[in-house]
Amino acid sequence: MASGNLARSFQDECRETIPERHLRPNYQLGNLVELVKRLRLPSGPAPEGQPGCERHQEALKLFCQEDQAPICVVCDRSRAHCAHTVVPIEEAAQDCKEQILSRLQRLREERDALRGLESDWDEESERLLGELDEEIGRRREEHAARLGEEISRLSALISELEEKYRQPALELLQGVRSAVSRGEEATSPHPAPKCPELERRIRDFPGENSLQGAVTGFLGALAAERGLRRARGFAVDVTLDPDTANSKLVLSEDRKSVRLGDTHQDLPDNPERFDPCIFVLGAAGFIGRRCYWEVEVGDKTGWTLGVCRESVNRKGKVIFTPGNGYWAVWLRDGGYKACISSPTPLPVSTRPRRVGVFLNYEAGEVLFYNVTDRSHLFTFTGTFSGTLRPFFCPGLNAGGTNAAPLTICPVPALAGGNPCP
């Protein structure tokens with residue numbers, strides 16, 4: 001604070017004129033004053049009935065992100081917190097409420113999915129397993145009990161977070177990290193083989209082990225069906241970005257199809273364009289969203305589909321791994337594989353003519369579905385950052401046997417409880 005300003009402040013306060021003197025500025029005091037003005041958080045004792053700072057007897061108006069604790073204005077200027085991130089306590093409480101709302105939505109969706117799975121199990125087991133009433137009844141009770149336990153657990157977590165959300169700011173911030181973490185631990189059922197295989201197993205039923213495997217496969221198929229149905233509820237309109245397409249790729253006029261041409265086109269070598277890899281990206285990028293699209297692969301003998309970071313290198317050789325910014329599956333040499341550090345074979349019982357891709361950004365998941373038989377192919381899990389974009393590679397033509405295009409298809413509307421064509 002300048003010496004002239006200080007003298008004038010004293011003059012305004014006591015209304016006596018004092019001579020100008022050589023005073024040194026107190027920067028620490030000035031910073032404190034500016035902080036208080038900016039936050040509009042006047043120091044003072046805590047209001048009656050509210051907890052205050054035990055050390056300074058001031059009102060708890062701030063929240064330290066590193067220590068996860070409320071502090072006063074004086075604490076904020078101390079050495080213990082000088083390098084910490086400090087925000088107004090109401091702002092911290094609002095951030096926590098948003099986290100709780102996000103987890104509540106996820107938990108409710110998982111609970112609804114489990115309830116739907118429980119209902120589907122009851123209906124389908126009666127239709128398919130009528131001749132094994134006694135045994136299937138016992139299995140149904142076991143699975144219903146497990147689902148009931150999971151639903152109860154999710155309901156308890158939802159109640160806990162709802163109660164935490166309604167608490168005042170100070171109580172809300174106490175233990176909120178633990179409560180939100182428990183909400184993140186809820187997971188949905190894992191998909192498995194589809195229903196026609198179960199019907200075959202039941203017709204050839206020889207004993208207990210086959211029945212157990214059939215029931216497990218049936219439940220997994222129901223989970224995959226519900227997963228695909230849920231994913232289709234987040235369908236988006238995807239088109240191709242010509243500025244990213246390798247110069248040998250030919251895009252349809254509506255930018256919904258891509259095939260490999262015979263020669264390079266005369267296109268500008270802009271930084272966004274892939275070269276030499278024959279790739280093209282979707283025109284829109286996604287961040288913090290759930291998005292689903294479907295691609296017709298038909299009888300093609302080679303292709304790669306998935307998502308990638310917008311920031312991936314467009315020039316030079318590419319290695320498909322999540323560490324390099326690609327979450328993809330491919331068909332090569334007659335085999336379907338997930339592109340991780342070591343490509344993993346996928347158990348495909350029915351050749352997919354259409355593939356669904358579901359990006360659940362917040363959950364850190366990319367799921368692939370065989371839309372042809374409504375089965376689950378693979379799920380990538382991790383943590384995303386930055387913008388992600390749909391990714392397409394039609395593969396080499398292989399002497400004309402793989403010349404057909406990849407085509408982005410409209411997703412059928414959900415109707416009649418069966419969204420699949």
Side-chain angles (χ1 to χ4, degrees), residues 238-252 255 257-287 293 295 297 300-346 348 352 355 357 359 361 364-368 377-408:
V238 173
T239 57
L240 302 172
D241 181 0
D243 291 336
T244 66
N246 179 278
S247 60
K248 287 196 69 174
L249 293 180
V250 179
L251 275 57
S252 63
R255 298 179 183 174
S257 294
V258 57
R259 63 178 177 85
L260 182 63
D262 297 326
T263 60
H264 287 278
Q265 303 171 77
D266 185 15
L267 299 173
D269 186 21
N270 51 290
E272 306 97 311
R273 193 177 306 283
F274 283 97
D275 183 34
C277 296
I278 51 172
F279 304 159
V280 62
L281 300 184
F286 306 119
I287 184 169
W293 59 94
V295 183
V297 298
K300 287 179 66 64
T301 58
W303 47 261
T304 307
L305 296 172
V307 300
C308 70
R309 292 195 188 99
E310 188 172 50
S311 59
V312 294
N313 183 21
R314 312 295 173 87
K315 310 298 182 183
K317 184 179 179 180
V318 167
I319 299 177
F320 292 120
T321 65
N324 290 327
Y326 290 88
W327 294 265
V329 298
W330 71 29
L331 168 62
R332 289 188 182 180
D333 302 322
Y336 299 88
K337 293 184 178 181
C339 302
I340 53 180
S341 56
S342 178
T344 300
L346 303 178
V348 175
V355 175
V357 184
L359 167 63
Y361 192 106
E365 295 177 339
V366 181
L367 297 91
F368 293 85
L377 290 174
F378 192 77
T379 295
F380 288 93
T381 59
T383 302
F384 300 137
S385 61
T387 301
L388 302 182
R389 296 176 69 175
F391 163 79
F392 308 84
C393 173
L396 299 176
N397 281 347
T401 61
N402 192 43
L406 292 175
T407 302
I408 303 168

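Owing to the predicted nature of the structure, the values given are computational and were not obtained by experimental measurement.
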What are the two closest heavy atoms between [X] and [Y], and how far apart are they?
X    : Y    : answer
P394 : I278 : CD-O, 3.7 Å
E272 : R314 : O-NH1, 2.8 Å
Y361 : G386 : OH-O, 2.5 Å
P390 : W293 : CB-CZ2, 3.6 Å
F380 : C339 : CE2-O, 3.7 Å
P405 : S257 : CB-CB, 4.3 Å

Any residue meeting side chain to side chain contact (heavy atoms under 4.5 Å, CB included) with P242, in chain and number order, not counting sequence neighbours: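 With neighbours one apart ignored, the set is L251, R255.
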Quick one: does [X]'s side chain get under 4.5 Å of [Y]'s, heavy atoms only?
X    : Y    : value
L406 : L305 : yes
S247 : D275 : no
L346 : V329 : yes

Centroid separation F320 to F279 less than 6.0 Å: yes
With sequence neighbours excluded, residues passing salt bridge (Lys or Arg N to Asp or Glu O under 4.0 Å) with R273: none
Test salt bridge (Lys or Arg N to Asp or Glu O under 4.0 Å) applied to E310 - qualifying residues, sequence neighbours left out: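 Listed in chain order: R389.
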Rounded distance [0.5 Å steps], CG in L367 versus CZ in F378: 10.0 Å
Polar side-chain atom of D241 near backbone of A284 as donor-acceptor pair, under 3.5 Å: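 No, D241 side chain to A284 backbone: no donor-acceptor pair under 3.5 Å.
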Any donor-acceptor N/O pair, N270 side chain to D243 backbone, under 3.5 Å: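 Here the side-chain-to-backbone pair exists.
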From CA spacing to verdict: side chain to side chain contact (heavy atoms under 4.5 Å, CB included), L260, L249: CA-CA 5 Å; L260 182 63; L249 293 180; 4.1 Å; yes
Derivation and outcome, side chain to side chain contact (heavy atoms under 4.5 Å, CB included), residues V307 and F391: CA-CA 5 Å; V307 300; F391 163 79; 5.6 Å; no
Stepwise side chain to side chain contact (heavy atoms under 4.5 Å, CB included) check, I408 with T239: CA-CA 8 Å; I408 303 168; T239 57; 5.8 Å; no
Qualifying side chain to side chain donor-acceptor pair (under 3.5 Å) pairs with a residue from residues 315-339, counting only residues at least two apart or across chains: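 Only D269-K315, T321-N324 qualify under side chain to side chain donor-acceptor pair (under 3.5 Å).
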Side chain to side chain donor-acceptor pair (under 3.5 Å) pairs, two or more places apart, involving residues 393-402: K300-N402
Side chain to side chain contact (heavy atoms under 4.5 Å, CB included) evaluation trace for V318 with V312: CA-CA 9 Å; V318 167; V312 294; over 6 Å; no
Residue list, side chain to side chain donor-acceptor pair (under 3.5 Å) with Q265, at least two apart or on another chain: none
